[in-house]
Amino acid sequence: MEKVLMKGNEALAEAIIRSGCRFYSGYPITPQNEILEYLSQRMPEAGGTFIQSESELAAINMVLGAAAAGARAMTSSSGPGFSLMQEGLSYLIAGDIPAVIVDVARFGSGIGEISQGQCDYKLVTRGNGHGDSHLLVLAPASVQESVDLMMQAFPLAEKYRHPVIILSDAAIGQMVEPVCLPPQEEVDIDRDDWTVKGCKGRQESKKITNVFYYMDDYNTFLREKYEEMKKNEQRWESILTEDAELILVAYGISARVCKEAVSKARKQGIRLGLIRPISIFPYPVDAFADLGENCRAFMTVEMSITGQMAEDVKLSVQCRYPVYTYGTGIKVPRSMDIVEKAVQILEGKMEREVF
């Protein structure tokens, strides 16, 4: 593999090319603009199509059209732009169409801030269009993992014929780290028989529409698809959870700081552990199945105000343990503060539990 020093967004964009993606449409929004800028040059070089759309709504619908024709197609945005894509995402799901969407999260509601944040958690795990819409969501915690998950995203989308989200954040998108780039993949646009290819050589036309129009039991079909994802695609990293009295739960940039917090706490004799979800849909409930007898509580660490992930932790432990949250908002958490909060919980001085 080729090892280079790259900014997170640009490394992810290069992985998009190397994954065999040959169609990108998107609209500028900070902090993901480097993806769009990088692909404006690289996509044509690779023989693909790059379109700067007039809006995020247009971008997701162009992706739908290209993916229906068999192309590996994707778009990228951040919170406000991602919100505009919700109807298009639900049409991708209803049409059984694979695609990839990157959300480089930033802080705040409305226009919000251009700084780092993790405020899109509920948007990508509870939103994604009207109806019974869920997307498979992967959350990298490094530049290298952004590349690795991007290379896995299209195969996953095609496995389930379902859109996949990569949830990054401004910190990971803007940081520069060494990264090993994978070899180039090439994908035949005509590889699948379900895609739209025109009528040449056959009598019947082909169309792609909502699959429930011609499916006898769409309810069972969609339910079983989600259950298969939950069975096969849970991903996580566990660190020193076997004897931990308090287990931190964090993803993305917050998880990197939590690793340092666990190391500092252990040196002080505080038995801290960490569960880092890599898939946040399906949520890695299996990571919470075999907890050590010393476990007393959980604390989510996330860059949101209300602790958006705490609800999923509560569900994963089936309300058998108290679940606290340390929401730092716009500020990247500090390891020393995480250890301090952990000590307060273990000493019974933290009153507010998240329900």
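Start at 1 with the first residue, then count along the sequence. This structure is a prediction, so every number in the text was calculated from the model and none was measured.
- The number of heavy atoms from other shown groups lying within 6.0 Å of CD1 (Ile114) does not exceed 12.
- Counting only residues at least two apart or on different chains, the ring-ring contact (aromatic ring centres under 6.0 Å, His included) pairs with a member in residues 128-155 are His134-Tyr226, His134-Phe281.
- Counting heavy atoms from C-beta outward, Thr328 and Asp337 have side chains that stay 4.5 Å or more apart.
- Rounding to the nearest 0.5 Å gives a distance of 6.5 Å between CD1 of Ile172 and CZ of Arg256.
- Other residues, nucleotides and ligands contribute only 12 or fewer heavy atoms inside 6.0 Å of the CG atom of Asp132.
- Between Glu224 atom CD and Met229 atom CE the span is 13.0 Å, to the nearest 0.5 Å.
- A pairwise comparison of heavy atoms in Pro28 and Leu36 identifies N-CD1, 3.8 Å as the closest pair.
- Enclosure of atom CZ in Phe107 by more than 12 non-hydrogen atoms of other residues, nucleotides or ligands within 6.0 angstrom is indicated.
- When every heavy atom of Ile247 is checked against every heavy atom of Cys295, the shortest pair comes out as CD1-SG, 4.0 Å.
- By the 30° and 60° cut-offs, the orientation of the rings of Tyr121 relative to Tyr283 is perpendicular.
- A 6.0 Å sphere centred on CG of Asp290 holds no more than 12 heavy atoms belonging to other residues, nucleotides or ligands.
- The salt bridge (Lys or Arg N to Asp or Glu O under 4.0 Å) test applied to Arg42 returns Glu14, Glu45, not counting sequence neighbours.
- The 12-atom threshold is exceeded at CZ of Phe23, counting heavy atoms of other residues, nucleotides or ligands nearer than 6.0 Å.
- Side-chain contact annotation: Ser76 with Tyr24, donor-acceptor N/O pair under 3.5 Å present.
- Tyr324 has its side chain out of reach of Lys341: every pair of non-hydrogen atoms, C-beta onward, lies at least 4.5 Å apart.
- Taken from CD in Gln152 to CG in Leu138, the straight-line distance is 7.0 Å, to the nearest 0.5 Å.
- Rounding to the nearest 0.5 Å gives a distance of 8.5 Å between CE of Met85 and CG of Asp103.
- Residues Ser142 and Glu177 have side chains that never bring a donor and an acceptor to within less than 3.5 angstrom of each other.
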